[in-house]
Protein chains: 2
Amino acid sequence: MKTAENTEKEAAALLKDKKVRPSMIRVKVLKYLLDNRNHPTADRLFSALENEIPTLSRTSIYNTLKTFLDEGIVSEITIEDGNSRYDAFTGKHGHFICEKCGSVCDFDVKCATCAPESLKGYKINQEHVYLRGLCPNCIKSGGDGNEKNFRKKRCKKSS
Amino acid sequence: MKTAENTEKEAAALLKDKKVRPSMIRVKVLKYLLDNRNHPTADRLFSALENEIPTLSRTSIYNTLKTFLDEGIVSEITIEDGNSRYDAFTGKHGHFICEKCGSVCDFDVKCATCAPESLKGYKINQEHVYLRGLCPNCIKSGGDGNEKNFRKKRCKKSS
DNA sequence: CTCCGTTTTTGTATTAATTACAATTTTGTA
DNA sequence: TACAAAATTGTAATTAATACAAAAACGGAG
Ligand SMILES: [Mn+2]
Ligand SMILES: [Mn+2]
Ligand SMILES: [Zn+2]
Ligand SMILES: [Zn+2]
């Protein structure tokens, strides 16, 4: 089975592999992302780790994520405006966001969108497929999914 | 041919169709989006229209866009974090953003991503396909597309 | 181990997009 | 024309993200 120690070592190894010094913060951030495929925001990462690392600062989270992005260790999910989320799972997949509860989950993208011929001459670095809608939980708990205005609200906490 | 007056009428008709009162601001915003398929930000819309409507306020742009979103008249493109863009072209298509110059262009999405079976029980309202990379212009003008750190900068003006 | 330059982390201030909200203006209609 | 409803505006507030410089931790040479 996969123990906590295991993912910690896995994270450290992954970082060394990419020539990123495996500092405590970096390892813990990457471990969190490997253990929790919940596509956290920077703020959620901070909240999740501030107990474990009492001196942690938000700036460190942003610095760490920027390093990871530059090295291709994580990808940024901009499915929601003004709240970037991060993903360390590198396999090709799409993201679904529930417009009511804000949770983001993965799904398989079957047919590649593949570079269309109308983009000849363009260099394509990343491909993202995003779906928006309602998750089963939110469908159950009222709301037929046709309400207007279930748009993003400005709220610090989001899952 | 399509005259300026024509798109103005077209915009007004589209609004009436959706039971949205075709006020001057609403018509001009929608007309701009129909005439210019450049996926403007709220700020770009404001800049484009403030001459024509000297009393215009940014809040009105935001209000207008919110109304349009609620009525499904435009869609929001969150391809870039912290800078929503808007699109009045409702046909199914994907968006490419150049990571260097920030321009956004359309492309045809051939094969539908279509609701995957792993999302049974989910209600899907929207589908977005985003590509990121370099446009031909930016490839020409130096930069092989493999630089690190050509990520978003905080800058008011972006095309 | 100690010294010293490099890297990482932190704290604070700043930027900028978006929202909240109340006041004002405009509009449609009786 | 008169009045209620809707649209527009201005200002203040919120908040994610960045800039930047100071402090701390690290790591190799001697
Ligand atoms: Mn994912
Ligand atoms: Mn488009
Ligand atoms: Zn939900
Ligand atoms: Zn470009």
Side-chain angles (χ1 to χ4, degrees), chain A residues 12 15-16 18-30 39-47 49-50 52-71 74 76-86 102 149-158, chain B residues 12 15-16 18-30 39-47 49-50 52-71 73 76-86 102 149-158:
Chain A
L15 290 172
K16 266 176 232 153
K18 298 273 187 163
K19 318 286 186 215
V20 173
R21 202 185 293 172
S23 70
M24 196 243 266
I25 292 179
R26 287 173 180 165
V27 171
K28 288 208 187 302
V29 168
L30 185 50
H39 312 92
T41 61
D43 197 67
R44 190 184 231 295
L45 274 165
F46 176 78
S47 304
L49 296 177
E50 62 177 335
E52 218 176 331
I53 315 172
T55 60
L56 187 64
S57 76
R58 271 188 182 74
T59 306
S60 293
I61 297 289
Y62 283 113
N63 288 342
T64 301
L65 289 170
K66 177 153 185 359
T67 303
F68 287 4
L69 284 170
D70 289 345
E71 299 303 323
V74 303
E76 187 178 21
I77 300 165
T78 57
I79 193 169
E80 203 186 8
D81 170 70
N83 251 117
S84 286
R85 292 158 181 270
Y86 300 89
N149 277 52
F150 53 24
R151 302 201 57 248
K152 61 187 164 277
K153 322 235 170 307
R154 210 161 263 260
C155 60
K156 191 177 300 193
K157 302 270 156 237
S158 73
Chain B
L15 290 171
K16 265 177 229 149
K18 299 273 186 164
K19 319 284 186 215
V20 173
R21 204 186 291 172
S23 69
M24 195 242 266
I25 292 180
R26 288 173 179 164
V27 170
K28 288 210 187 301
V29 168
L30 185 50
H39 312 92
T41 61
D43 197 66
R44 189 185 232 296
L45 274 165
F46 176 78
S47 303
L49 296 177
E50 63 178 335
E52 217 177 330
I53 314 172
T55 60
L56 187 63
S57 76
R58 271 186 181 76
T59 305
S60 292
I61 297 288
Y62 283 111
N63 288 342
T64 301
L65 290 170
K66 177 152 187 359
T67 303
F68 287 5
L69 285 170
D70 290 346
E71 300 303 324
I73 296 167
E76 187 178 19
I77 300 166
T78 58
I79 194 170
E80 203 186 9
D81 170 70
N83 250 115
S84 285
R85 292 158 181 273
Y86 299 90
N149 279 50
F150 55 24
R151 302 201 58 249
K152 61 185 163 276
K153 323 233 169 311
R154 209 160 266 261
C155 60
K156 190 177 301 193
K157 303 270 156 235
S158 73

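Convention: sequence-line order gives letters A, B, ...; per-chain numbering from 1.
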Enquirer: Can you tell me how far P of C:dA16 sits from CG of B:Asp81, to the nearest Å?
Expert: 15 Å
Enquirer: Expressed as a whole number of angstroms, how long is the span from B:Glu50:CD to D:dT9:P?
Expert: 12 Å
Enquirer: Taking N and O atoms by type only, does the side chain of B:Thr59 place a donor or acceptor under 3.5 Å from a partner on the base of D:dG10?
Expert: yes
Enquirer: Round to a whole Å and report the spacing from CZ of A:Phe46 to P of C:dT10.
Expert: 9 Å
Enquirer: Does any non-hydrogen side-chain atom of A:Tyr86 lie less than 4.5 Å from one of A:Glu76?
Expert: yes
Enquirer: When you check the phosphate oxygens OP1 and OP2 of C:dT9, does a side-chain N or O of A:Ser57 lie under 4.0 Å from one of them?
Expert: no
Enquirer: Can you tell me the distance, in whole Å, between the CG atom of B:Asn63 and the P atom of D:dT8?
Expert: 8 Å
Enquirer: How many whole angstroms separate atom CZ of B:Arg26 from atom P of D:dA6?
Expert: 11 Å
Enquirer: Is C:dA30 paired to anything, Watson-Crick or G-U wobble with both distances less than 3.5 Å, and if yes, which nucleotide?
Expert: D:dT1
Enquirer: Rounding to a whole Å, what distance do you find between A:Lys66:NZ and C:dT9:P?
Expert: 15 Å
Enquirer: Check whether any side-chain nitrogen or oxygen of B:Ser84 sits under 4.0 Å from OP1 or OP2 of C:dT18, and answer yes or no.
Expert: yes
Enquirer: Output the rounded distance in Å from CG (A:Leu65) to C1' (D:dT18).
Expert: 14 Å
Enquirer: Indicate yes or no: at least one non-hydrogen side-chain atom of A:Asp43 is less than 4.5 angstrom from one of A:Arg58.
Expert: yes
Enquirer: Could you check how far CZ of B:Arg58 sits from P of D:dA13, rounded to whole Å?
Expert: 19 Å
Enquirer: So do the side chains of B:Phe68 and B:Lys18 get within less than 4.5 Å of each other, counting heavy atoms only?
Expert: no
Enquirer: Where the side chain of A:Ser23 is defined as all heavy atoms beyond and including C-beta, which of D:dA17, C:dG11, C:dT8 is the nearest nucleotide?
Expert: C:dT8
Enquirer: Kindly give the heavy-atom pair with the smallest separation between B:Glu71 and B:Val20, and that separation in Å.
Expert: CG-CG2, 3.6 Å
Enquirer: Mapping B:Gly82 and A:Thr55 to their closest nucleotides on DNA chain C, which lands nearer the 5' end?
Expert: A:Thr55
Enquirer: Is any side-chain heavy atom of B:Leu65 less than 4.5 Å from a side-chain heavy atom of B:Leu45?
Expert: yes
Enquirer: In terms of the nearest nucleotide of DNA chain C, which residue is placed more toward the 5' end: B:Arg21 or B:Tyr62?
Expert: B:Tyr62
